[in-house]
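What follows is one structure encoded as structure tokens, with my remarks underneath.
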Amino acid sequence: MSYLDELNQSQRAAVENIYGPTMVIAGAGSGKTRVLTYRIAYMMEQGIDPYNILALTFTNKAAKEMQERIAKIGASGAMGYYGASEAKHLTMGTFHSVFSRVLRFNAERIGYPINFTIYDTQDSKSLLKDIIKELKLDDKVYKPSMVLNRISAAKNNLISADEYLANDEILAEDRMARRPELARIFKAYSERCFKAGAMDFDDLLYKMYVLLRDFPDVLGYYQQKFQYILVDEYQDTNFAQYTIVKMLAAAYENICVVGDDAQSIYSFRGANIQNIFNFKVDYPDFKLFKLEQNYRSTKNIVDAANSVIARNVDQIKKEVWTENGEGQLLNVIRTLTDNEEGKQIVNRLYDIKTQEGAEYSDFAILYRTNKQSRSFEEALRKMNIPYKIYGGISFYQRKEIKDLLAYFRLTSNHRDEEAFKRVINYPKRGIGKTTIETIVIASTNYGIPIWDLITNFQQYPVQINNSARLKIEEFATMIKSFAAQLDKLNAYELGQHIAKSSGILKELYDEKEKGPEEVERYQNIEALIGGLKEFTDSKEEVDEFASLSEFMLDVALLTDADTTDADDKNYVSLMTIHSSKGLEFPHVFLVGLEENLFPSQMALQSRTETEEERRLFYVAVTRAMKSCTLSYAATRFQWGSVTSSESSRFIDEIDAKFLHHEAPQRGQGRSLSSGMSVGRGFGGTGNGLNKSLNTPTPSPHSISQRNLKPLSSAGDGDKSTTTEYKVGYNVLHERFGKGKITKLEGQGPDKKATIFFPHHGAKTLLLRFANLTVVEE
DNA sequence: GGAGCTTCAATTTTT
DNA sequence: TTGAAGCTCC
């Protein structure tokens, strides 16, 4: 019983209330994971069979952590009859991975092959691009990423392509937005995925719903199996996830959801914060537990975060507090350039490390967008500080890895269209773009999978030349020969065989001479094969056959954060705020706090969007245990030119008594007199010394009003980004010089102007990027 | 069919 | 600045 004594009163109450609908609102740092894991341990101790427990998380990382912590409690002998070894019967994982397993098990019910492929975002976009082209639509109007977002939103709201096509309201909406063909694209996309035996990320949710909806016996089976359901990060569930959980829980209503409305940051992916607010409607007799004591951060950090989040209208009232000491104030650092920001933050980091004898792993640098990592990487490298960047391109998304995986995919699912397109001519075997296009279109016209076409040219004649046809047939024969080995060779043997016979290994080996990047590619392939070996060994240890198909099951669902850590964990972590959720660090640097970057300019359209950015800020600050440093740069170098920016509103929103504005360092504080070219003259000031040469310093905000871009500063206090432009205005463009606006079109961020420049002719430019200055005649 | 060059456009977060 | 797409020439 001892482990229960480690809990405070509300935590313990939440742990012990294992029957009936339960909602736990867990403030940042309040021991949420502890409650979840102890609850599961407690259930098992009470005699509940782990086989009947389902725990759903959003990330593999969270699932893994829970698994480990439960095993630890089990090892302490606290779980009674169902000990640690039984814990492996728990069903625990991300929505996507748990559902994908259920779907494979029941695949034939909904017409899919057991070894269906999971398309990642890249695959989906590539397929959409093809479809848009085949439908002869303008890919400027129908951008694959935009179309995918739209389709994704539909599926997350459980709307199928056919329902979309039949819904007048949606169709009218699309017509209004001048994208009337979206429905047709959606329909074609669904058909093509189905034909290819492929599901995209959203299908894993949508098809799960269809399975439970259309097959009562399946629903009944899983209701009986999952008598106890736990959902982590409930605030991030979308409508599809919400509905599925509700269906599964309907028989027993032993459902426990844990979340924090203040940390809902995934609405762009369809997450609906209302699911938390509606819990009481769905389960009127639910029990609510609030975890409000923060064990993580200093008082200053907790209170600073609270002072910001208090500005949100949408929230559940709660009081996060801490018994921890006051700690230091939050430092605010302003620098002139993004490179300078990198240097100063890293210097600061090094200072803290030396002063406190901290480890590198005690530090995290958090930013809004992945691309911001660059300046910090450079600075860290220069100082020889070990670091690791999370997110960005994951191992499994690297070109060479995807190429080899495409062979694996094609081997276990011949119909996989995206895998086919990827490797039919890689390594080069003389099958050109025209040929591939012809085949893809022909297969659509015949209404059959590409594979069926290329293995039955007699039955389905296609207009391609003979040599190409022979080469394609050769390719198909090769894939078939791989498939024939699926049951005979283990994943490692077959994987290696494919890497060799496909020619990929040789191709990459030959390119190794070219440079370090090519060497890395080759090493990545070796690493993947190493992964196959590891997988095979671990299976064979328990006397199971390790098939390549099985290895492929989860690969599409793995992300960078899931690749196992190197032995040496002592490095500084760099990541987006999104991926920092659920983590904590003694020292946090929250960088790039500038208007239009954070909050992102994409998120300023509405109150709800701005509130989400504010929650994101809240998440970031509450990652910090001991110290939190905020920084922003007055200018930023992006896509070839320098832009200036103002400090983020979120800095102003923190109650000033928790802040300490750092005195500018050397080279800082010179105000940018108007007319001076920003961005030149500052880059080269660093000569290794950090102090001296203090010039008079303006207050942190004084620069912004005088900046060089009329477009982005519309006067005191007004942080809007739009300046009024009218047809007939004379404007100045950086490159094209003076011109006259002849036409305006588009709305919001898409607003474009056609401008006639005497020396360059008429140009149509996105106002957002054009960087125009209105000038007098 | 494919390599190499030129042009053009581009900003978020991730399972 | 980066990356993708289009175009030219072998």
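Because the structure is a prediction, the values reported are computed rather than measured. Chain letters run A, B, ... following the sequence lines, proteins first and then strands; every chain starts at 1. Computation of the quantities below employed the complete heavy-atom set of this structure, encompassing side-chain atoms and omitting hydrogens, waters and symmetry-equivalent molecules.
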(message) I'd like to check the side chain to side chain contact (heavy atoms under 4.5 Å, CB included) partners of A/K133; sequence neighbours left out, ordered by chain and number.
(response) A/E437
Would you mind reading off the distance between [X] atom [atom1] and [N] atom [atom2], rounded to a whole angstrom?
{"X": "A/E612", "N": "B/dT14", "atom1": "CD", "atom2": "C1'", "result": "13 Å"}
{"X": "A/M602", "N": "B/dT13", "atom1": "CE", "atom2": "P", "result": "10 Å"}
{"X": "A/K125", "N": "C/dA4", "atom1": "NZ", "atom2": "C1'", "result": "13 Å"}
{"X": "A/K371", "N": "B/dT12", "atom1": "NZ", "atom2": "P", "result": "7 Å"}
{"X": "A/R368", "N": "B/dT14", "atom1": "CZ", "atom2": "P", "result": "9 Å"}

Go through [options] for me and flag the one nearest to the [X] side chain.
{"X": "A/T59", "options": "B/dT13, B/dT15, B/dT12", "value": "B/dT15"}
{"X": "A/K143", "options": "B/dT13, B/dG1, B/dA10", "value": "B/dA10"}
{"X": "A/T369", "options": "B/dG1, B/dT15, B/dT12", "value": "B/dT12"}
{"X": "A/S579", "options": "B/dT14, B/dT12, B/dT15", "value": "B/dT14"}

(request) Identify the two heavy atoms, one from A/N156 and one from A/F239, that lie closest to each other, and give their separation to 0.1 Å. (result)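 Smallest heavy-atom distance, with atoms named: O-CB, 3.4 Å.
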Side-chain N,O ([X]) to OP1/OP2 ([N]) below 4.0 Å:
{"X": "A/T576", "N": "B/dT14", "result": "yes"}
{"X": "A/N370", "N": "B/dT14", "result": "yes"}
{"X": "A/T435", "N": "B/dG1", "result": "yes"}

Between the protein and nucleotides 2-8 of chain B, list the N/O to N/O atom pairs that are separated by less than 3.5 angstrom.
unit_1 : atom_1 : unit_2 : atom_2 : d
B/dG2  : OP2    : A/N425 : ND2    : 3.3

Using a 4.0 Å heavy-atom cut-off across all strands, classify [X] as base, sugar-phosphate, or nothing.
{"X": "A/S97", "result": "nothing"}
{"X": "A/F58", "result": "sugar-phosphate"}
{"X": "A/F637", "result": "sugar-phosphate"}

Within 45° of the ring axis of [Y] and under 6.0 Å from its six-membered ring centre, is that where the NZ or CZ of [X] lies?
{"X": "A/R615", "Y": "A/Y618", "answer": "no"}
{"X": "A/R104", "Y": "A/F116", "answer": "yes"}
{"X": "A/K399", "Y": "A/Y426", "answer": "yes"}

(message) So is the aromatic ring of A/F268 stacked onto the base of B/dT13, judging by whether the centres are under 5.5 Å apart and the planes are under 30° apart?
(response)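 Base of B/dT13: stacked against A/F268.
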(message) Just checking A/F58 against A/H96, ring centres under 6.0 Å apart?
(response)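 Not under 6.0 Å, so no.
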(request) Return the set of residues passing ring pair (Phe, Tyr, Trp, His ring centres under 6.0 Å) with A/F186 (not counting sequence neighbours), or none when no residue passes. (result) A/Y164
(message) I want to confirm an ordering. Mapping A/A468 and A/R269 to their closest nucleotides on DNA chain B, which one lands closer to the 5' end?
(response)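 With A/A468 and A/R269 compared, the 5'-side residue is A/A468.
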(request) Assign each of A/Q638 and A/F201 to its nearest nucleotide of DNA chain B by heavy atoms, then name whichever residue's nucleotide is nearer the 5' end. (result) A/Q638
(message) We want to know whether A/S645 and A/E595 form a side-chain donor-acceptor pair, criterion being a heavy-atom distance below 3.5 angstrom.
(response)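 Judged by distance alone, the side chains do not pair up.
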